[in-house]
Amino acid sequence: MDLYNPNYYIDAADDAAMIQAAVDAAAAAGANVTIPRHNLRTGKDVWMLPRAILLHTGTSLVLDNCHLRQCDGIFDNLFRNSNGRTEAAKNLSGRQYDITIRGVGHAVLDGGNHNGLVERNSNRDGRPHIIVNTTMHFHNCERVIIDNVNILHQRWWGITFHYCSNSRVSNIRFMSIGSAPNADGIDLRTGCNGFVIENISGYTQDDSVALTCLDHGFDASMRVEDLDDSIHNVVVRNITTACMCAQVRLLNQDHKKLYNVLIENVQNYCEYDPCDTRSAGIPLRLPSSENYYLESSTCWAMDPPYWATFHGTNRGGAAVRVGQHHYFKDNNPENCAKMGDTYNITIRNIQSHARQGVTIGCTVSDLLIDNVQMYGDAIMPIHFGQGEYDGIRIRNIGYTRSAKLQPEDYEAAKAFNEAEEKPGYGFGTLAAVYFLNAKVTDLSFDGVRAADFNEAVFAGYNSDVSLRARDVVCRGADTDMTLGEGIKAEIL
C-alpha cells in the first residue's frame, strides 16, 4: 500500500482526513490517488465525510467502485478546489489547473440526509450560503475533468463552476429525488467557457444542465479579476434525463453575454410513452432508483417539502429553455438581457414529451433550432415568451402521430384566456408555435408538422411577428395557419 491510498492513513481521525492526506501527498509527488471500495479504518464499504476534500493543481482522483457519503448535519461540499472561495481565487495568480475526478465501476457520491439548508434560509440565522450544499464546487480553475460518477441525493446543485474554462463533465448519473429543493444537475455560472458537457442521465429535480451568467448576489462575489465574465463556447450533448424544469437551460442577465453554445441530442426520459395503453397501470419509476445504492435512505430537506416533486408523471417543463424575464439585479428591468447579449445558439435533435420542446424568453439573436419532435403528452414544440428576437431559423419541428394532450392542457388554455395577467409560459391557443408578448424579426420555418389537436400552426397573444414558412403539414382538418394578435405568416 502506498502513500496515495487513503487506507495508508488508517490512524487518521476520520475518513475525510484519510482521503485528504492521500490527496496532499499525491499533489506533492504528481501521483494519482485511488479511493478503494473498502475502508480499512471502519471495516465498511462506505466513506463518511464530515468535511470537503480539497483538490489541488494536478490532483488526479480515481474513485474505484467506492461510495462516499456526507455525514449528517454538516455544511460543506464533498469536493472543491483548495483555492475556491478564498482570497487566492480572486485573481488569475490563484488559478488552479488539471484537476481530474474519474469513477471506475460504480462510483457513488452521496449527499445522505439533508442538513436543512435551502435557498429560503441561506445566510440566515447563522447558516452559511447554500453554495456549501453543492456536491462539487470549482472556482477559478482550468482543465477540470469529471467522468463516470453517480451523484445521489445531492443537497442542492450537483456540480457547480464559477470562472472555469477548458473542462469536460461526462457520463454523470443523477438521483436527486427526496433530497433537496432546486436540485440542478450541472451548473456553469458566470465566467465559464470552453466546456463539453455530455452523456448526462438520471433524475434532477430542477434543471439538468444550466448555463447561468449573472452579476449580482453570490455570483458577483465569485468575480476573478482580469478574466472574461461571459459564458461562451460550450457544447452540451447527449442529455437523457427526467426533471421538473428544463433539461438544458440558458440564462444571462445584468449585461453579461452568453454566446456560441451548441445543444444537441436531448431526450426526455420515458420508460413508457405516456400514450402507450400499458402506461396507465404502471407506477412511476424514475431512472437510477435509490434502491440501487448502498445505505441510500435519506430525509427530506424540509417537511413538508416546499418545492414541486413528481406525482404520477415525469413530464418536465421544457427540454431546452433559452432566456427568462427573472433573476436580474435589484429587480430592475434595465438589468434584463438586451438584444445582442445572447447570440449564436444552436439547438438540434430534441425528442421530448415535456410540456414544451424549446422555450425562448427575454432575448436571443442568431438562433438555429433543428429537429424538435414531440411525443406522448407534450403540448407544443416551440414557445416564444415576452421579449425581442432576431435572426431565428427553425427547421423540422412537429409531433408524432400518437401525441395526445392531457385534459389539464385544455384547461390551461382556457384559464389563460380568462386571466387578466398572462403567465410567462402560458398559451391561449393549442398551437405548434406560440408567441406571447413577443417581437420577432427575421424568423423562418422550414418543415412544420402540426398535430390533429392543434387549433393553429402559429398562434399568439399581443405579439408582433412576421414569419416565413415552407413545408407546413396539418394533420387536423380544422387547423388554421394563424390565430391571434400580430401573427403575420407568409407561406411559401
Side-chain angles (χ1 to χ4, degrees), residues 75 77 80-81 83-92 94-95 117-125 127-134 137-141 156-165 180-193 195 206-207 209-232 234 245-246 248-259 261 307 321-343 345 360-364 385-388 424:
F75 298 97
N77 314 114
R80 70 174 183 270
N81 61 300
N83 285 354
R85 307 203 303 269
T86 70
E87 287 297 315
K90 292 186 176 181
N91 54 67
L92 191 56
R95 197 163 181 82
L117 173 63
V118 293
E119 288 178 359
R120 62 171 54 180
N121 62 29
S122 174
N123 269 340
R124 296 182 181 180
D125 302 322
R127 298 180 183 90
H129 188 274
I130 197 171
I131 192 65
V132 301
N133 267 3
T134 186
H137 186 211
F138 297 93
H139 177 205
N140 193 6
C141 293
W156 190 46
W157 299 343
I159 309 173
T160 305
F161 296 88
H162 283 92
Y163 288 90
C164 293
S165 64
N182 193 15
D184 286 7
I186 300 161
D187 283 72
L188 302 191
R189 306 294 288 190
T190 307
C192 287
N193 65 81
F195 269 75
D206 205 271
D207 303 319
V209 178
L211 281 56
T212 310
C213 198
L214 307 174
D215 190 35
H216 63 276
F218 183 79
D219 293 289
S221 74
M222 292 289 96
R223 181 82 177 93
V224 179
E225 296 298 327
D226 302 321
L227 285 181
D228 178 49
D229 56 11
S230 67
I231 294 179
H232 63 273
V234 178
C245 297
V248 183
R249 181 192 187 183
L250 310 184
L251 173 67
N252 57 304
Q253 304 284 22
D254 308 332
H255 315 293
K256 301 305 173 190
K257 306 286 187 182
L258 195 159
Y259 62 96
V261 177
W307 202 266
R321 180 180 296 169
V322 179
Q324 192 173 350
H325 266 277
H326 293 290
Y327 308 108
F328 39 83
K329 187 186 296 183
D330 301 325
N331 295 317
N332 181 352
E334 288 302 311
N335 294 322
C336 195
K338 304 293 192 297
M339 178 67 73
D341 288 346
T342 314
Y343 62 93
I345 312 296
I360 306 164
C362 197
T363 185
V364 66
Q386 177 182 346
E388 184 178 2

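Here the side chain of N83 pairs a donor or acceptor atom with the backbone of G94 at under 3.5 angstrom. No side-chain donor-acceptor contact under 3.5 Å links R85 to the backbone of A89. Judged by distance alone, the side chain of H325 and the main-chain N or O of G424 form no donor-acceptor pair under 3.5 Å. Side-chain atoms of D206 never come within 3.5 Å of backbone atoms of C245 as a donor-acceptor pair (strictly under, hydrogens ignored). In this structure a side-chain-to-backbone donor-acceptor pair under 3.5 Å is present from N123 to H129. Under a 3.5 Å cut-off, the side chain of T134 and the backbone N or O of I131 do not form any donor-acceptor pair. Listed for the N133 side chain is no donor-acceptor partner under 3.5 Å among the backbone atoms of I130. The main-chain N or O of W156 is never found under 3.5 Å from a side-chain atom of E119 such that the two would form a donor-acceptor pair.
Rounding to the nearest 0.5 Å places CZ of R80 at 9.0 Å from OG1 of T86. Here the CG atom belonging to L188 is positioned 6.0 Å from the CD1 atom belonging to I231, to the nearest 0.5 angstrom. Note that CG of L214 is 12.0 Å distant from NE2 of H255, once rounded to the nearest 0.5 Å. From I159, atom CD1 reaches atom NE2 of H137 across 12.0 Å, with rounding to the nearest 0.5 Å.
Relative orientation of the H232 and Y259 rings is parallel, given thresholds of 30° and 60° on the angle between their planes.
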**Prompt:** Between N81 and H139, does a side-chain contact (heavy atoms from CB on, under 4.5 Å) hold up when you go through it step by step?
**Reply:** CA-CA 7 Å; N81 61 300; H139 177 205; 4.2 Å; yes
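T363 meets the side-chain contact (heavy atoms from CB on, under 4.5 Å) test with A337, M339, T342; sequence neighbours excluded.
L227 is listed as a side-chain neighbour of L92, based on a closest heavy-atom distance under 4.5 Å. Taking the side chain as every heavy atom from C-beta outward, L258 and V234 never approach each other to under 4.5 Å.
The ring pair (Phe, Tyr, Trp, His ring centres under 6.0 Å) test with H162 singles out one residue from F218, F138, W157, and that residue is F218. Screening D219, D229, D228 against K256 for a salt bridge (Lys or Arg N to Asp or Glu O under 4.0 Å) leaves a single residue, D229.
Side-chain contact, D254 with H216: a donor N or O sits under 3.5 Å from an acceptor N or O.
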Ignoring hydrogens and angles, write down the donor-acceptor pairs under 3.5 Å from the side chains of residues 326-334, residues two or more places apart or on other chains.
from : atom 1 : to   : atom 2 : distance (Å)
K329 : NZ     : D215 : O      : 3.3
N332 : OD1    : E334 : N      : 3.0

